[in-house]
Amino acid sequence: MTDTSSTALPRTLSPSLFLFTIIYGGMVVLAGVLGNKQVALGDWLAVEAGIFPFLLLVALSSSVSELHGQTAANRLVLWGFVPLVLSILLTALVLSLPASPEMDPARLAAFETVLGQSPRLMAAGIVAYGTSQFLNVTIFSRLRGREGAGTGSTWLAIRGAIASALSQIVDTLLFVTIAFSGVFPIANLMGGQMLAKVTLSILVIPFVITGLVALGRNLDSKPTA
């Protein structure tokens with residue numbers, strides 16, 4: 001048998017993919033924490049703040065798809081389940097451990113309120129994350145077309161907005177239905193979340209994706225030491 005260990009090429013990770021993967025993992029975990037705050041967008045609409053890191057996840061997966069292909073973007077989304085599930089398990093472990101008697105009761109109550117989520121909410125987050133992120137990558141990649149068609153910055157921004165808006169509508173449908181159906185009326189909550197996510201997808205996400213792709217290309221074009 002021939003020993004190929006000395007001749008095999010080392011596996012490398014491009015600078016942009018390395019950076020985007022780190023940020024992606026952090027945003028997966030942060031979304032669940034920030035979701036505990038309701039943010040007022042004007043005088044008539046309130047949304048949970050978790051949509052901001054979640055929309056950044058959309059922009060990151062689209063940017064990876066643009067720079068490294070659909071397969072790499074799908075792999076990024078798949079690996080995103082690791083920090084998501086680990087953070088849920090670690091949070092559950094910490095909540096189950098007894099608190100120090102010296103800990104301020106008000107601080108302990110706030111900690112448990114922010115980090116304590118029902119299994120139903122956790123399941124909703126996992127299902128909505130996986131479905132919407134894979135859908136975003138699929139739509140974004142299909143709109144790109146074959147052989148690099150439609151790679152200009154304007155069409156890049158349009159593709160990002162369309163994929164983000166459609167995937168976030170599905171995300172809202174899944175999360176709100178799984179988490180709150182039967183608990184209280186969900187029509188207003190679902191409508192508000194969809195409106196906010198679609199609006200941000202159209203007004204903000206195109207610029208974020210364009211900036212991330214430009215950053216990624218700049219990082220990858222620099223010679224490595």
Side-chain angles (χ1 to χ4, degrees), residues 12-35 47-88 125-144 148 150-172 174-175 193 196-222:
T12 59
L13 193 64
S14 69
S16 66
L17 188 56
F18 178 75
L19 175 63
F20 292 168
T21 299
I22 293 175
I23 300 174
Y24 191 93
M27 292 302 103
V28 168
V29 176
L30 190 61
V33 178
L34 295 185
V47 298
E48 51 91 10
I51 70 172
F52 299 119
F54 212 96
L55 286 172
L56 186 53
L57 291 177
V58 170
L60 286 165
S61 61
S62 295
S63 299
V64 169
S65 176
E66 181 71 10
L67 294 169
H68 305 287
Q70 183 176 358
T71 300
N74 282 333
R75 190 177 296 119
L76 176 71
V77 175
L78 187 61
W79 277 107
F81 281 103
V82 175
L84 176 59
V85 173
L86 283 179
S87 65
I88 291 174
I126 292 174
V127 172
Y129 160 78
T131 305
S132 64
Q133 289 298 310
F134 281 123
L135 179 63
N136 173 72
V137 171
T138 300
I139 295 174
F140 182 85
S141 301
R142 294 287 179 84
L143 289 174
R144 189 174 194 266
T151 56
S153 59
T154 300
W155 182 234
L156 170 65
I158 294 173
R159 286 188 287 127
I162 294 173
S164 178
L166 294 178
S167 65
Q168 290 312 291
I169 289 174
V170 172
D171 174 82
T172 303
L174 289 173
F175 182 82
Q193 292 290 309
K197 290 182 178 181
V198 170
T199 300
L200 291 172
S201 293
I202 295 173
L203 298 180
V204 178
I205 290 301
F207 298 100
V208 177
I209 292 177
T210 302
L212 287 173
V213 170
L215 172 63
R217 287 174 175 158
N218 181 263
L219 291 173
D220 294 342
S221 65
K222 294 180 178 179

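This is a predicted model, so every value here is computed, not measured.
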So do Arg144 and Gln70 actually touch side chain to side chain, heavy atoms under 4.5 Å? no
Scanning both residues in full, the closest heavy-atom pair of Leu156 with Thr210 reads CD2-CA, 4.1 Å
Side-chain donor/acceptor pairs under 3.5 Å, residues 17-33, sequence neighbours excluded:
unit_1	atom_1	unit_2	atom_2	d
Thr21	OG1	Leu17	O	2.6
Tyr24	OH	Tyr129	OH	2.9
Tyr24	OH	Gln133	OE1	3.4

What distance do Arg142 atom CZ and Ser65 atom OG have between them, rounded to the nearest 0.5 Å? 11.0 Å
Is the closest side-chain heavy-atom distance between Phe54 and Asp171 below 4.5 Å? yes
Point-to-point distance, once rounded to the nearest 0.5 Å, from CD1 of Ile162 to CH2 of Trp155: 5.0 Å
What I'd like to find out is whether the side chain of Ile169 reaches to under 4.5 Å of the side chain of Lys197, using heavy atoms alone. no
Give the C-alpha distance, both sets of side-chain angles, the deciding distance and a yes or no for side chain to side chain contact (heavy atoms under 4.5 Å, CB included) between Phe52 and Leu200. CA-CA 9 Å; Phe52 299 119; Leu200 291 172; 3.9 Å; yes
As an exercise, state the distance from CD1 of Ile202 to CD1 of Ile205, rounded to the nearest 0.5 Å. 11.0 Å
Report the distance from atom CD1 of Ile51 to atom CG of Leu56, rounding to the nearest 0.5 Å. 12.5 Å
Closest non-hydrogen atom pair between Gln193 and Thr172, with its separation: CB-CG2, 3.5 Å
For Leu219 against Pro15, the heavy-atom pair lying closest together: O-CG, 3.9 Å
Exactly one of Ser61, Ser62, Ser132, Ser201 clears side chain to side chain donor-acceptor pair (under 3.5 Å) with Ser164, and that residue is Ser201
Atom pair CG (Leu212) and CD (Glu66), whose distance is rounded to the nearest 0.5 Å: 11.5 Å
I need the minimum non-hydrogen distance between Val64 and Ala72, along with the two atoms involved. CG1-C, 4.0 Å
Interatomic distance, CG@Leu78 vs OG1@Thr71, rounded to 0.5 Å, equals 12.0 Å
Does Ser87 reach the main-chain N or O of Leu84 with its side chain, forming a donor-acceptor pair under 3.5 Å? yes
Walk me through whether Ile88 and Ile126 qualify under side chain to side chain contact (heavy atoms under 4.5 Å, CB included). CA-CA 10 Å; Ile88 291 174; Ile126 292 174; 4.0 Å; yes
Flag if over 12 foreign heavy atoms under 6.0 Å of CZ, Phe207: no
Quick one: does any side-chain atom of Asp220 pair with a main-chain N or O of Ser16 as donor and acceptor, under 3.5 Å? yes
Taking all non-hydrogen atoms of both residues, which atom of Leu55 and which atom of Gln168 are closest, and how far apart? CD2-CG, 3.7 Å
